[in-house]
Amino acid sequence: MLFAFSVAPTQSADESGSVSAAVADAIRVVRDSGLPYELTSMFTTIEGEWDDVMPVIKAACDAVAQHSPRVSLVVKADLRPGYAGQLTEKVDRVNAHLSDG
């Protein structure tokens with residue numbers, strides 16, 4: 001199963017408005033979980049089962065909450081039990097179609 005999520009503080013102490021320090025703390029939590037993940041400019045996607053991923057997302061929110069009294073979380077999930085390696089294989093399948101044309 002794939003879980004794409006975006007977590008950020010609603011307030012930033014950085015005068016530029018950047019939330020990158022808070023996001024970095026969230027990504028440390030994800031990285032330390034040992035689950036496969038991919039970081040992009042807008043979302044982080046984690047691959048794993050419900051019971052493995054959801055505590056990581058909660059801990060990432062808790063890490064961001066250390067930066068702001070209010071946290072925004074968006075989650076999108078591809079719930080397809082029995083499939084692994086989809087973090088890269090889904091992209092590979094699309095790229096295969098692109099190379100056909």
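- Taken from CZ in Phe5 to CE in Met54, the straight-line distance is 10.0 Å, to the nearest 0.5 Å.
- For Asp32, the CG atom sits in a packed shell: over 12 heavy atoms of surrounding residues, nucleotides or ligands are nearer than 6.0 Å.
- Transitive grouping of hydrophobic side chains (ILVMFWY, heavy atoms separated by less than 4.5 Å) brings Val75 and Leu39 into a common cluster.
- Judged by distance alone, the side chain of Ser33 and the main-chain N or O of Val56 form no donor-acceptor pair under 3.5 Å.
- Side-chain atoms of Glu47 come within 3.5 Å of backbone N or O of Gly85 as a donor-acceptor pair.
- Here the shortest heavy-atom pairing between Val64 and Ala26 reads CG2-CB, 3.8 Å.
- Note: Asp52 CG to Ile57 CD1 = 11.5 Å, rounded to the nearest 0.5 Å.
- With hydrogens and angles disregarded, a donor-acceptor distance shorter than 3.5 Å links the side chain of Gln86 to the backbone of Ala84.
- Of all the heavy atoms in Val7 and Cys61, the pair that sits closest is CG2-SG, 3.8 Å.
- Note that CZ of Arg93 is 9.0 Å distant from OG1 of Thr88, once rounded to the nearest 0.5 Å.
- For the pair Phe3 and Leu79, the minimum side-chain heavy-atom distance is below 4.5 Å.
- Interatomic distance, CG of Asp25 versus OG of Ser20, reported as 10.0 Å (0.5 Å rounding).
- Under the 4.5 Å side-chain contact rule for hydrophobic residues, Phe43 and Met1 do not share a cluster.
- Heavy atoms only, all atoms of each residue included: Val29 and Ala63 are closest at CG2-CB, 4.0 Å.
- Tyr37 and Leu73 fall within the same hydrophobic cluster, defined by Ile, Leu, Val, Met, Phe, Trp and Tyr side-chain heavy atoms under 4.5 Å apart, directly or through other members.
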Practice task
Starting from the C-alpha separation in whole Å, work towards a yes-or-no answer on side-chain contact (heavy atoms from CB on, under 4.5 Å) for Tyr83 and Asp78.
Solution key: CA-CA 11 Å; Tyr83 287 81; Asp78 181 1; over 6 Å; no

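- With Leu87 as the fixed residue, the side chain to side chain contact (heavy atoms under 4.5 Å, CB included) test singles out one of Leu35, Ile46, Thr45: Thr45.
- Closest approach of Gln11 to Ser68, counting heavy atoms only: N-OG, 3.4 Å.
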